[in-house]
Amino acid sequence: MGRNMTAVTPMPGRGLHVTCLAVMVLCGVHLAVTLFYYLDVHVYTGQMMRRFGNFMESERLSIPANSTGPSSAGPTRTGSSTAVSSPPPLQPCPETSPLLVGPLEIGFSQSVNLEDVQKINPLVREGGRFAPVECTALQKVAIIIPFRNRLQHLNYWLYYLHPILQRQQLDYGVYVINQHGEDTFNRAKLLNVGFMEALKVYDYSCFVFSDVDLIPMDDRNIYKCYSQPRHLAVSMDKFGFRLPYNQYFGGISALSKEQHEKINGFPNDYWGWGGEDDDIYNRIVFKGMSISRPSGGIGKCRMIRHNRDQNNAPNPQRFNRISQTRQTMQHDGLNSLVYKVLEVKKYPLYTFIDVDIGGPGRPPSR
Ligand code: BGC
């Protein structure tokens with residue numbers, strides 16, 4: 001019987017053993033799962049915190065979100081500062097500026113106060129420099145203005161042109177080249193001086209040569225350079241809003257650095273009014289280039305009325321000189337330019353360069 005009982009009756013200790021085993025297995029699984037989640041959540045949270053920390057730091061330092069700068073440690077100010085300080089690269093400005101407004105009202109009845117002009121052009125830097133902040137300008141343009149005793153005209157020019165040039169999204173500087181002394185005026189030589197002096201300041205690729213008394217009536221007349229030398233003053237009020245003759249290249253023109261150098265710059269030997277622009281036209285044609293112009297509508301300009309300047313009488317030699325451009329341009333121009341800069345002053349809206357260019361038969365002082 002003892003043997004039978006042993007054979008059919010389950011042992012009470014064995015049932016307990018199985019239950020204990022099951023409970024232990026369950027506890028183990030629970031512990032493992034808990035441990036797994038605990039560790040996972042902490043690692044994940046740590047990563048998130050680090051990421052958030054980096055984000056906050058990069059926001060504070062204006063680092064682009066996809067910056068390739070240090071990730072776990074975050075940007076530091078003590079290490080390499082390039083990732084921190086370099087702003088994202090600007091896109092090139094569009095071919096046509098979206099800021100242009102077209103035709104403009106131009107008048108000269110009210111006087112201009114330069115402090116007011118400064119206030120309405122807060123982005124123009126000392127020396128009359130500007131570059132757009134929203135994009136990289138397509139051209140670096142030096143505006144060269146030959147000058148003597150025309151401060152009132154210059155004020156109008158600055159008042160009208162600074163807003164226009166900014167809307168044209170140009171990287172530009174304004175250079176007023178003042179002929180020192182009382183010798184006969186020489187517009188073309190002053191323009192050559194402006195070309196040379198502006199290049200000492202900045203890596204300009206384009207030069208716009210403008211009379212101080214000419215204001216464009218449409219901001220789509222862009223003060224930049226083209227594949228051919230550009231004439232901008234194509235329909236002036238003074239000439240009844242038309243070209244006085246087909247070869248006319250006076251008032252405002254634009255030449256790239258290469259175009260200007262190709263023609264050996266402008267003539268230095270036209271003293272007094274007239275002829276130098278015709279000589280420049282000849283140079284351009286003799287070097288196989290042609291003139292580019294805006295349409296008559298867009299190229300409208302107003303001239304500030306004034307009496308003839310002193311020491312700028314019509315040059316009686318101009319007709320003779322114009323007939324000899326093909327020969328004279330070889331030796332009269334950038335390759336023969338002699339002058340002496342007496343003073344360079346950076347005003348808030350322009351750079352003023354006072355220069356001794358000599359006079360007819362008088363070389364500049366040394
Ligand atoms: C002169 C130019 C001048 C043009 C328009 C021509 O006779 O030679 O220098 O720009 O007239 O006035």
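Both counts, for ligands and for their atoms, begin at 1 and track the order of listing. On a predicted model such as this, the values are computed, not experimentally measured, just so you know. Throughout, residue positions are numbered sequentially from 1 according to the sequence presented.
The aromatic rings of H231 and F249 lie tilted to each other, with the angle between the two planes from 30° to 60°. Below 30°, between 30° and 60°, or above 60°: for Y245 and Y248 the angle between ring planes is above 60°, a perpendicular geometry.
Considering backbone and side-chain atoms together, D277 places an N or O closer than 3.5 Å to an N or O of ligand 1. Looking at G250 next to ligand 1, no N or O pair under 3.5 Å apart turns up.
Across all non-hydrogen atoms, the minimal contact from V193 to L337 is N-CD2, 4.1 Å.
For the pair K300 and F241, the cation sits on the ring face: its NZ or CZ lies under 6.0 Å from the ring centre, inside 45° of the axis.
Comparing Y248, F249, Y245, Y281 by heavy-atom distance to atom 6 (C) of ligand 1, the nearest is Y245. When the options D278, L243, D279 are ranked by their closest heavy atom to atom 8 (O) of ligand 1, first place goes to D278.
Ligand 1 has at least one atom lying under 4.0 Å from a heavy atom of G275.
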*asked:* For M196 and N192: C-alpha separation, side-chain torsions, deciding distance, then whether side-chain contact (heavy atoms from CB on, under 4.5 Å) applies.
replied: CA-CA 6 Å; M196 297 301 292; N192 275 342; 5.7 Å; no
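Counting only heavy atoms of the protein, atom 12 (O) of ligand 1 lies nearest to W273 CZ2, 3.6 Å.
Looking at F195, Y172, Y175, Y223 one by one, the single match for ring-ring contact (aromatic ring centres under 6.0 Å, His included) with F207 turns out to be F195.
Applying the 4.0 Å criterion to heavy atoms of F239 picks out, from ligand 1, the atoms 5 (C), 12 (O).
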